[in-house]
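Here is the structure we will look at.
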Amino acid sequence: MTVAAITFDLDNTLWAVEPVLRHAERAQQDWLLANRPRIADTFDPPALFEFNKSVWKRHPQLAHHVSQMRKQMLYELQLMAGYSEEAAHSGARKAFDVFLRARQQVEFYAEALEVLELLAQDYTLGALTNGNADIYKTDAAAYFDFAFLAEDIGASKPHPNMFQAAVERVGVPAEQIVHVGDDPEHDIRGARNVGLRTVWISSNGEAWPGGPRADAEITNLGQLPSVIDRIH
Ligand SMILES: [Mg+2]
């Protein structure tokens with residue numbers, strides 16, 4: 001079986017996402033505290049959490065558009081705190097920009113860049129993410145030939161459209177593409193349903209939760225080149 005391309009999930013596949021999100025949320029919060037202080041007077045943290053949940057519930061059409069959802073949340077939050085529509089619009093844009101800039105400051109897993117550089121010599125590499133990380137704003141930019149965000153496609157993994165977009169972009173049969181990801185449902189089941197080969201990465205050493213297994217399982221990206229060789 002020839003391998004032509006490898007697609008990667010990003011969060012928790014190439015880097016740990018929790019520290020990045022914590023950092024980005026804090027940057028956004030700092031901006032709001034400095035520029036929209038009435039929000040902190042109106043909402044304590046539990047109320048803020050409930051309010052954010054209510055925005056999710058009221059805007060199901062934004063479920064696959066995480067960036068728009070966050071901007072909507074920021075917008076409504078400012079209106080609730082008594083700011084004008086104009087202030088809320090510009091504040092949502094600015095606070096989101098602050099969030100997004102911090103969101104791209106990822107710290108790759110130790111072996112990631114070396115492995116991507118190596119694989120990029122022989123394969124087309126793509127990124128498929130449900131989040132709003134931009135691989136082209138990271139140190140791995142040069143290794144990637146394409147990247148699809150769920151918000152570009154209008155559907156999130158495990159939806160077949162995400163994987164079909166990759167198949168169309170590479171222009172080879174699905175079985176010549178290997179998808180690498182940490183989420184058994186989003187990444188492994190989703191990719192397998194479209195006919196891609198799959199590699200499950202469990203960086204924390206979790207056990208496979210059940211159901212049809214990936215073609216290969218790894219605990220460290222350093223193991224990926226030999227696994228790809230074997231599939232190839
Ligand atoms: Mg992931």
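Atoms within a ligand are numbered from 1 in the order they appear, just like the ligands themselves.
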Original post:
Between E111 and N220, do the side chains contain an N or O donor and an N or O acceptor separated by less than 3.5 Å?
Top reply: yes
**OP:** Using the test ring-ring contact (aromatic ring centres under 6.0 Å, His included), find all partners of F49 that sit at least two apart in sequence or belong to another chain.
**Re:** none
Subject >> Contacts of E185 that satisfy salt bridge (Lys or Arg N to Asp or Glu O under 4.0 Å) - sequence neighbours left out >> reply: R189
Original post:
Can you find a pair of side-chain heavy atoms, one from D9 and one from H186, that are under 4.5 Å apart?
Top reply: no
Subject >> Tally of protein N, O or S atoms, where distance to the Mg ion (ligand 1) is under 2.8 Å >> reply: 3
Original post:
Is there a donor in the side chain of Q72 and an acceptor in the side chain of E76, or the other way round, less than 3.5 Å apart?
Top reply: yes
Subject >> salt bridge (Lys or Arg N to Asp or Glu O under 4.0 Å) against K94, all qualifying residues, sequence neighbours excluded >> reply: none
